[in-house]
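Shown next, in structure tokens, is the structure this report addresses.
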Amino acid sequence: MRIVTTTGGFGKNADPVKITELICRAGFEGIDIGFDNLFAYCPDRVEDTVKEMRKVAERYGTPFVQSHAPIPKIRTVDDNENIDDFLKKAAISIRLSGLCGVENVIVHPVRLLSGTHEEQLAFNLFLYNELVSIAEESNTRLAIENMCGFKPHLDGYKVKHVCKTPEELCAYIDAFDSSAVVGCLDTGHAFISGESPAEFVRMMGRDKLFALHIQDCDGVSDTHTLPYLSKIEWEPFIRALADIDYRGDITLEAVLFTAALPEKLFAAGLALAKAEAEYIRDKVLEYKEKAR
Amino acid sequence: MRIVNPTDELEKRFGYAKAVEMICKAGFEGIDYTMCAERLPVYDGDYKQVVKEMLSVADAYGVPFVQSHGPYGRHQLSDTAARERFFERGRRALEVSAMLGSKVMVLHPMRVMIGNHKDQLKINVDEISKLIPFAKELGVKIAIENMCLTRPGEGNTKVKHVCKSAEELSEYIDAFGDDIITGCVDTGHAAVSGEIPAEFVRILGKKRLGALHIQDSDGVRDMHTLPFMSTVDFEDFTQALADIDYEGDITMEAESFMSTMPGEIAYPALLFTKEVAAYLRDRVEEKKRVLKEKDGKVIRV
């Protein structure tokens, strides 16, 4: 169970190669590649930049273990421009992830402006079907993330979001009927959706929970800050991971914690993040040991 | 300009000796000894022994005590016993500060339940003045801190608070007409009071600004979290400190940042706090250098 953090979340001007080095130097044992940031920072040099990141990571002996595909901006079934853009970028992200040895590529399910549960699911199956094949070819997996509808009215959506509950996320995973499709739990998204992150873990179980986005929030805003800085209760979450014998990585996604810092404090912020991830991992292992 | 952290939260969790050790080990260059709580060993126990133990730890690391926080006055001045208790505790806190070597002790001005601005000012001058002879004898300045309204209904008080604005705090400091009285800007209190911390610094100026309590806040809650965790503009604040050529310490008061963290993470959080303090100090010094380089003409407030 490695401690991992993302290269995303250091502001749009932060060089991903430098961030990779900072993550390695902080002592993280795995790296989560944030492709959204890569496409924003160097849209024409994504592949070359990933190669440079890989060189740095290899120098420190730190593997790439997780990645995050670009976030789809698709709002309707005929939103062809955004569909094509997403599929192109997601395919690149999955292939590069496979080349880097990434085990889980996190993907956000799409929320259409309107539509029943079945229509939303059908569109996601259509959209991700080809990407699942690419993941299988690339020897990696797609991990569907639970979402939250924290400001649906502001964006004109008639649905809060999809995959807000463990039942719905499990239904999405099962619908693909592929071992290349698994689940990722975002603790803050669960909390905002009125779900207990600990219960979310138990409902998904070890068979479906392969990846984590660990972040704290106040249950209202998707604050993506470090654990113990907001309102989630971490002890039950840690116990739930031990109870299901979770074997994936302890991956932080406290992107707004780091993004708020001046660049000169990135290393210090990562040092604290690493200490927190280590604490959570050690507690999970301690509880697993006690259960034995 | 030293980077300083208070013992406050650390003493609550780990005891005073361990708190001092953690601050020293983390690399802070000064210690702020907090004596706000009602029950503390320096008030209830053998205070000379407490001071001796803390000094022994700090001396081993070569880190001085540079600031302290005196007792809260509350707003019970119609209660003679409470007034007496505040005076006794204030005097003890000054004595402890001097024994530790601190040169400035921060005090909250008192907000009494009823009274206009003049009444509030007079009561504060009367009460705090009683401590001045001791402060002078011991060589410890008293820094009056700006306050904020967080619990307006507390104690049925009819006033929001005193010293919320830079002008009012300046008036309080000036009312004593004595250099032993100085000012302390709490950045979060300023933000919650609708004031801009940088402007607060500029209005107080170098002459009146003797100490800092640096903390971040969202302008609504008195959060006492670390800079960059909420909405205070610390670029502007460090510029203001450079503008007035502030030469005091960079003292953090962000105890809530770690208050809900498990004990195992408290020290990493303290290390991060130290880095944030060092960053702020470096920004002030960089900005001072820029000002000095500008034609050699620097307008000081």
Side-chain angles (χ1 to χ4, degrees), chain A residues 3 5 9-11 22 25-28 214-218 220-221 223-239 250 252 254-287, chain B residues 3 5 9 13 22 25-28 214-221 223-239 250 252 254-287:
Chain A
I3 52 170
T5 197
F10 292 85
L22 286 176
R25 289 175 72 166
F28 280 94
I214 297 177
Q215 57 130 330
D216 207 348
C217 83
D218 60 5
V220 180
S221 302
T223 44
H224 279 273
T225 191
L226 280 180
Y228 305 105
L229 291 183
S230 199
K231 293 189 175 170
I232 290 178
E233 286 185 30
W234 293 98
E235 183 65 16
F237 171 73
I238 290 167
R239 282 192 181 276
I250 296 293
L252 294 179
V255 290
L256 297 184
F257 168 75
T258 43
L261 300 174
E263 193 178 338
K264 284 185 180 171
L265 287 174
F266 284 170
L270 280 168
L272 177 58
K274 183 242 175 186
E276 290 211 4
E278 207 163 37
Y279 170 80
I280 291 170
R281 187 259 310 273
D282 290 352
K283 291 301 272 188
V284 174
L285 293 176
E286 183 188 320
Y287 293 145
Chain B
I3 53 172
N5 202 64
E9 176 67 21
R13 297 178 72 167
M22 287 172 79
K25 270 179 82 173
F28 283 96
I214 297 178
Q215 56 133 327
D216 208 347
S217 138
D218 60 5
V220 179
R221 296 166 295 164
M223 293 165 68
H224 283 272
T225 189
L226 278 180
F228 310 113
M229 296 296 111
S230 198
T231 59
V232 170
D233 182 347
F234 283 97
E235 265 310 296
D236 192 20
F237 176 69
T238 51
Q239 182 64 56
I250 297 291
M252 310 302 280
E255 67 277 7
S256 294
F257 180 75
M258 67 165 70
S259 63
T260 54
M261 290 182 179
E264 291 91 332
I265 309 175
Y267 186 66
L270 189 63
L271 288 175
F272 181 61
T273 304
K274 176 243 167 184
E275 293 297 330
V276 173
Y279 172 81
L280 295 174
R281 187 256 310 275
D282 293 350
R283 291 299 287 155
V284 176
E285 288 180 345
E286 275 168 46
K287 288 167 180 178

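Proteins get letters first, then strands, A, B, ... in listed order; numbering begins at 1 in each.
Interface residues of residues 262-272 of chain A toward chain B, defined by a heavy-atom distance below 4.5 Å and sorted by number: A/Pro262, A/Lys264, A/Leu265, A/Ala268, A/Gly269, A/Leu272. Along residues 263-270 of chain B, the residues that come nearer than 4.5 angstrom to chain A, judged on non-hydrogen atoms, are B/Glu264, B/Ile265, B/Pro268, B/Ala269 in order of number. Using non-hydrogen atoms only and a strict 4.5 Å limit, the part of residues 279-286 of chain A facing chain B consists of A/Tyr279.
With B/Thr231 contributing its side chain and B/Ser217 its backbone, the two residues share a donor-acceptor pair below 3.5 Å. No donor-acceptor pair closer than 3.5 Å links the side chain of A/Thr258 to the backbone N or O of A/Phe10. Looking at B/Asp216, its side chain never comes within 3.5 Å of a backbone N or O of B/Thr225 through a donor-acceptor pair. A donor-acceptor pair is defined here as one N or O able to donate and one able to accept, closer than 3.5 Å; such a pair exists between the side chain of A/Asp216 and the backbone of A/Tyr228.
Counting only residues at least two apart or in different chains, salt bridge (charged side-chain N to carboxylate O under 4.0 Å, His left out) contacts with residues 265-279 of chain A comprise A/Lys274-A/Glu278.
Between B/Ile3 and B/Gly27 the shortest heavy-atom distance is CD1-O, 4.1 Å. For the pair B/Ala277 and B/Met252, the tightest heavy-atom approach, listed with the atom from each and the gap, is CB-SD, 3.6 Å.
Between B/Lys274 and B/Asn5, the closest side-chain pair of non-hydrogen atoms is not below 4.5 Å. Contact of the A/Ile232 side chain with the A/Phe237 side chain is not registered, since no non-hydrogen atoms from C-beta on lie closer than 4.5 Å. In this structure, the side chains of A/Leu256 and A/Thr225 stay at 4.5 Å or more apart for every pair of heavy atoms. Between B/Phe237 and B/Ile214, some side-chain heavy-atom pair lies under the 4.5 Å cut-off.
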- Message: Working note: B/Phe257 + B/Phe272, criterion side-chain contact (heavy atoms from CB on, under 4.5 Å); need CA distance, chi angles, decisive distance, verdict.
- Response: CA-CA 10 Å; B/Phe257 180 75; B/Phe272 181 61; 3.9 Å; yes
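For B/Met229, the part lying near chain A is the side chain, with the backbone staying farther off; criterion is any non-hydrogen pair under 4.5 Å.
B/Thr238 pairs with exactly one of B/Lys287, B/Glu285, B/Glu286, B/Arg281 by the side-chain hydrogen bond (donor to acceptor under 3.5 Å, both in side chains) rule, that one being B/Lys287.
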